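What follows is a set of notes on a single structure, which appears directly below.
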Amino acid sequence: MTTPLDGNSIAGLLRELFGRDMTAATARCDSCGSTGELARAVVYDTAPGVVVRCRECTAVVARVVRAPGRAWLDLRGVSYLQIDLPD
Amino acid sequence: MGIVSRGFRGRARVDDPALPPGQYLTTDFPVLSAGPTPQIHLDSWRFGLTSEDGSSRSWDWLGFRRLPAEDITVDLHCVTKWSKFGTAWRGVSIDTLLEHVDTSAEFALVSSYGGYTTNLPLEDLTDGKAWIAFEYDGAELHPEHGGPARLLVPHLYLWKSAKWVRGIELRNDDEPGFWEQLGYHNYGDPWREQRYWAD
Amino acid sequence: MARAAVLGRLSWQVATVSAVRRESATARTLVLDVPGWTGHLAGQHVDIRLTAEDGYSAQRSYSISSASEIASEDEATSPIELTVDRLPDGEVSTYLTDVLEVGDQIELRGPLGGWFVWHPDDPRPVLLVGGGSGVVPLAAMLRTRATRDATAPFRLVYSMRSPIEEMYADDRALSAAGVSVHRVYTRKIPPGYPRPPERIIADDLSDPDFGPDRAPQVFVCGPNGFVEAAANLLITLGHSADDIKTERFGPTGGPP
């Protein structure tokens with residue numbers, strides 16, 4: 001079944017790529033302009049790769065392919081990521 | 001390789017010499033998807049074939065189903081390592097769709113309802129190598145598996161067999177599809193284990 | 001204000017099973033020793049990786065059920081606990097509930113997930129809504145409340161198929177002062193229960209002490225369908241979407 005999960009389910013993968021937790025990062029969907037934490041995004045993780053979609057408009061926000069020894073990340077569907085940092 | 005966990009076997013998998021390298025045989029039919037299953041009404045279903053000169057033709061469902069179709073039995077190989085032998089499909093050969101099409105295009109870009117795309121050389125779609133399939137295992141193709149109709153190109157990894165197919169564009173240049181843009185091998189031959197770029 | 005996140009290590013670590021405990025008819029709690037573990041926040045999870053002798057591997061995520069602990073650099077923390085629900089066709093869950101023994105080793109990475117987290121110094125009331133194994137990270141929150149002597153009022157709305165699947169039934173963190181628990185049974189009810197089995201409805205989420213006017217923090221966790229239904233009911237009841245945090249579990253919990 002293609003039951004979608006949410007951004008929490010790729011916390012480990014995102015941490016591998018960014019070196020920090022990214023589920024609390026806020027993304028703006030480049031397609032519809034809505035914003036929300038990555039934890040809230042719709043995630044399809046049964047494809048040959050991971051597809052992250054906007055919860056509001058279902059447009060593809062990000063894609064990730066994790067292969068042995070390397071990964072590819074496409075963030076074209078995101079206008080920006082807002083990441084909270086300590087002062 | 002990670003540490004071995006005592007007694008862990010994982011899902012039943014069989015190593016069969018008839019398998020391409022790195023594959024396991026499965027008896028179920030895993031469903032993989034990049035997005036929600038498109039809900040396509042047969043009255044609005046269209047399949048379009050566009051040539052490199054811009055000319056095009058399209059079929060509605062009734063027109064498509066009037067085309068000669070054939071029953072085929074093929075093996076499937078998914079890049080996520082499962083293979084399934086002897087799957088039975090019914091579909092229209094791409095050769096039939098190309099019958100009166102005059103083209104010198106080298107490449108094809110396949111598009112699906114929902115936005116998925118995949119690319120391959122035109123010669124991998126012709127000479128009995130590919131179909132637009134609308135029945136699986138003797139029944140209407142289930143939406144989960146790409147129904148009403150999907151592309152079926154069994155000699156390449158299954159991500160090339162685009163589900164919910166809506167069109168094929170014949171092109172002079174090669175345009176990488178949804179996964180080919182992001183690390184998946186541009187050609188995808190399971191027998192040469194072409195899963196990712198530079199494999 | 002940016003809160004400090006517990007980073008842990010980015011790579012896979014070996015965990016040794018130090019104890020196992022039956023948690024319900026279908027679930028088992030694993031107690032794991034992880035050398036160098038520096039703690040976790042309530043709500044976080046770990047990724048587990050199992051490798052077979054021929055190199056085949058499978059990966060799944062499981063929420064940490066034990067109370068939050070943060071250690072300073074040289075201190076060790078207590079073992080962590082994960083509760084695994086056995087799915088009949090699950091290649092990983094059946095191994096973890098049926099085969100894994102004390103002394104066995106698995107790989108894990110984490111703690112993961114800094115958003116679906118309860119911070120014990122947050123004074124707001126907390127409404128926890130869990131479906132099936134979705135109660136696991138919520139249990140970590142309840143246990144953290146207990147160990148830190150937090151006083152924020154908590155209410156747990158726990159939906160389960162039948163009483164034999166209930167986890168943490170005897171846990172003192174669930175019966176502590178300031179905590180109320182409301183159970184919803186969707187398939188089989190306990191003997192004498194006045195209500196027929198049914199899925200969660202608005203009434204189950206309407207305790208006035210945790211209504212929108214109290215601006216509680218809400219955590220909803222469980223299968224996708226449950227989370228969608230519960231979150232929609234909460235919005236209809238007037239809760240703000242921003243105050244509702246959700247975590248969806250899949251039928252297999254991980255990639256194929």
Side-chain angles (χ1 to χ4, degrees), chain A residues 1-18 22 27 29-34 36 38-79 81, chain B residues 1-2 11 21-23 26 28-39 76-83 111-118 142-147 156-164 176-186 188 190 193-199:
Chain A
M1 261 279 111
T2 55
T3 317
L5 299 180
D6 56 34
N8 293 298
S9 69
I10 53 169
L13 176 62
L14 290 176
R15 219 185 62 172
E16 261 196 308
L17 296 171
F18 288 88
M22 290 297 283
C29 172
D30 206 43
S31 196
C32 74
S34 67
L38 286 180
R40 296 187 191 269
V42 183
V43 168
Y44 289 87
D45 195 4
T46 57
V50 175
V51 180
V52 183
R53 289 178 178 269
C54 174
R55 191 163 287 281
E56 299 303 313
C57 77
T58 79
V60 174
V61 154
R63 292 179 283 174
V64 189
V65 173
R66 177 71 167 93
R70 60 222 197 280
W72 293 269
L73 170 64
D74 172 355
L75 282 171
R76 284 178 292 173
V78 167
S79 318
L81 285 171
Chain B
M1 184 171 125
R11 60 170 49 98
Q23 297 292 105
T26 187
D28 58 13
F29 197 165
V31 175
L32 279 68
S33 183
T37 301
Q39 308 296 320
L76 305 178
H77 308 295
C78 179
V79 73
T80 60
K81 300 203 168 179
W82 61 265
S83 287
S111 330
S112 301
Y113 287 98
Y116 183 77
T117 55
T118 187
H142 195 276
E144 233 179 35
H145 287 300
L156 298 176
Y157 279 121
L158 205 57
W159 91 74
K160 299 278 183 180
S161 292
K163 297 202 270 195
W164 314 296
F178 189 89
W179 289 124
E180 294 85 358
Q181 294 169 21
L182 201 66
Y184 274 91
H185 198 277
N186 200 51
E193 213 171 357
Q194 294 175 337
R195 299 180 200 266
Y196 305 102
W197 292 354
D199 271 353

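Atom set for the values below is all heavy atoms of this structure, side chains included, hydrogens, waters and symmetry mates excluded. Just so we're on the same page: letters track the sequence lines, and every chain starts at 1. In this text, all values refer to a predicted model and were calculated from it rather than measured experimentally.
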Is any residue of residues 52-59 of chain A within less than 4.5 Å of chain B by heavy atoms, and which ones?
-> A:Arg53
Contacting region of A:Val60 [heavy-atom separation from chain B under 4.5 Å] | side chain
Heavy-atom proximity to chain B below 4.5 Å, by part of A:Arg76 = side chain
Go through the atoms of B:Tyr157 and report whether side chain, backbone, both or neither lie under 4.5 Å from a heavy atom of chain A.
-> neither
Is the backbone of B:Ala34 close enough, under 3.5 Å, to the side chain of A:Arg63 for a donor and an acceptor to pair up by distance?
-> no
Spell out, as yes or no, whether a donor-acceptor pair under 3.5 Å connects the side chain of B:Tyr184 to the backbone of A:Pro48.
-> yes
B:Leu182 and A:Val65 have their tightest heavy-atom pair at O-CG2, 3.2 Å
Look at the rings of B:Tyr196 and A:Trp72 and say which category their plane angle falls in: under 30° parallel, 30 to 60° tilted, over 60° perpendicular.
-> parallel
